[in-house]
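So the structure is just underneath, and the comments pick up after that.
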Amino acid sequence: MAKRKVLRRAKKILGEEPALLVWCGIRGGIPRPPKETHRAAGKGRLKPGRHWAFYLGAVLFCVFVLPYLLMDFLSQKLNGNLDRDARRDTRSPGRTRAGAPHNGVFDGDWDLTAGQLLLRWYDASPNRARLFLATRDRVCLAASPRRRLFPHRADDVRPVAEFRSDEVLIEAEAGQPRGFAEFRLHFTDGSWLSLGNLADSDDADRFFAHPGHRQGVFGA
């Protein structure tokens with residue numbers, strides 16, 4: 001469940017208690033836009049920024065852990081005991097990238113609301129996590145403006161995008177697999193954005209079970 005500090009911050013942002021609240025992010029990352037479109041939008045970042053502690057961890061991994069893993073791998077290779085499934089797994093990532101250019105993240109039109117939101121997504125905040133908030137009359141995405149190792153605990157979360165309830169419709173289906181749930185924002189210009197990576201399965205269950213989805217409280 002969302003921490004009390006997050007709930008207090010959400011109330012301060014909205015000026016009222018949120019009806020819906022969940023940490024989320026872009027499932028699969030932002031698709032790469034056409035160069036002209038990206039340039040016209042200011043060539044903003046398309047990937048999240050990393051906290052310095054992440055790079056420190058990567059260096060420590062390379063210095064202390066990677067050599068051991070390489071030695072173990074070479075030992076297995078020389079002994080002819082490399083597991084067949086491991087070889088299959090090393091080839092599988094290249095086959096999973098096929099699909100539509102927008103990867104199901106949004107409708108594919110960079111000139112509409114969803115596309116324009118994605119073009120400035122990480123300029124507004126370099127973190128992956130977004131706090132999704134909704135009331136009866138508006139929908140808000142909030143995040144910390146600074147690079148955070150644990151963005152869900154940030155105390156400086158601020159709004160990075162906001163829409164009136166007559167500008168966006170929340171589409172969410174109950175009963176989605178725990179840990180893989182997602183929802184869509186449908187905008188009045190016909191564009192849509194899919195959000196997933198919900199931080200906590202219990203929070204996701206409460207989010208999708210909210211009566212506002214079934215009763216159509218939120219939306220045009």
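These values consider heavy atoms only, across backbone and side chains, with no hydrogens, waters or symmetry-generated copies.
When all heavy atoms of Arg158 and Ile13 are compared, the closest pair comes out as CA-CD1, 4.3 Å. The heavy-atom pair separating Asn127 from Tyr122 by the smallest distance is O-CE2, 3.4 Å. Counting all heavy atoms, side chain and backbone alike, Gly29 lies closest to Val105 at O-CG2, 3.5 Å. Closest heavy-atom contact between Gly44 and His38: O-NE2, 2.6 Å. Of all non-hydrogen atoms in Ser125 and Ser144, the two that sit nearest each other are OG-O, 2.5 Å.
Residue Leu14 is grouped with residue Val6 when hydrophobic side chains (ILVMFWY) are merged at heavy-atom distances under 4.5 angstrom, including chains of intermediate members. Cluster annotation: Val139 is connected to Trp121 through the hydrophobic network of ILVMFWY side chains, with a link wherever side-chain heavy atoms come within less than 4.5 Å. Hydrophobic clustering (ILVMFWY, side-chain heavy atoms < 4.5 Å, transitive): Leu119 and Ile26 are in one cluster. Following chains of ILVMFWY side-chain contacts shorter than 4.5 Å, one can reach Val168 starting from Leu141, so the two form part of one hydrophobic cluster.
Of the possible polar contacts, none joining the Arg130 side chain to the Phe132 backbone as a donor-acceptor pair under 3.5 Å is found. Checked by atom type and distance alone, the side chain of Ser194 never pairs as donor or acceptor with a backbone atom of Arg184 at under 3.5 Å. Distance alone, capped at 3.5 Å, places no donor-acceptor pair between the Asn197 side chain and the Cys24 backbone. Between the side chain of Arg9 and the main chain of Val157, a donor-acceptor pair closer than 3.5 Å is present.
Counting only heavy atoms from C-beta outward, the side chains of Leu169 and Leu185 never approach each other to under 4.5 Å.
For the 3.5 Å distance criterion, the side chains of Asp137 and Ser165 fail to qualify, holding no donor opposite an acceptor.
A salt bridge links Arg138 with Glu16: the closest approach of a Lys/Arg side-chain nitrogen to an acidic carboxylate oxygen falls below 4.0 angstrom. A salt bridge is absent between Glu36 and Arg39; no separation between the charged side-chain nitrogens and carboxylate oxygens falls under 4.0 Å.
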Show me the donor-acceptor pairs, under 3.5 Å and distance only, between side chains in residues 108-118 and residues at least two apart or in other chains.
from: Asp109; atom 1: OD1; to: Asp111; atom 2: N; distance (Å): 2.9
from: Thr113; atom 1: OG1; to: Asp189; atom 2: OD2; distance (Å): 2.6
from: Gln116; atom 1: NE2; to: Trp110; atom 2: O; distance (Å): 2.7

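With sequence neighbours left out, the salt bridge (charged side-chain N to carboxylate O under 4.0 Å, His left out) criterion links Arg27 to Glu182.
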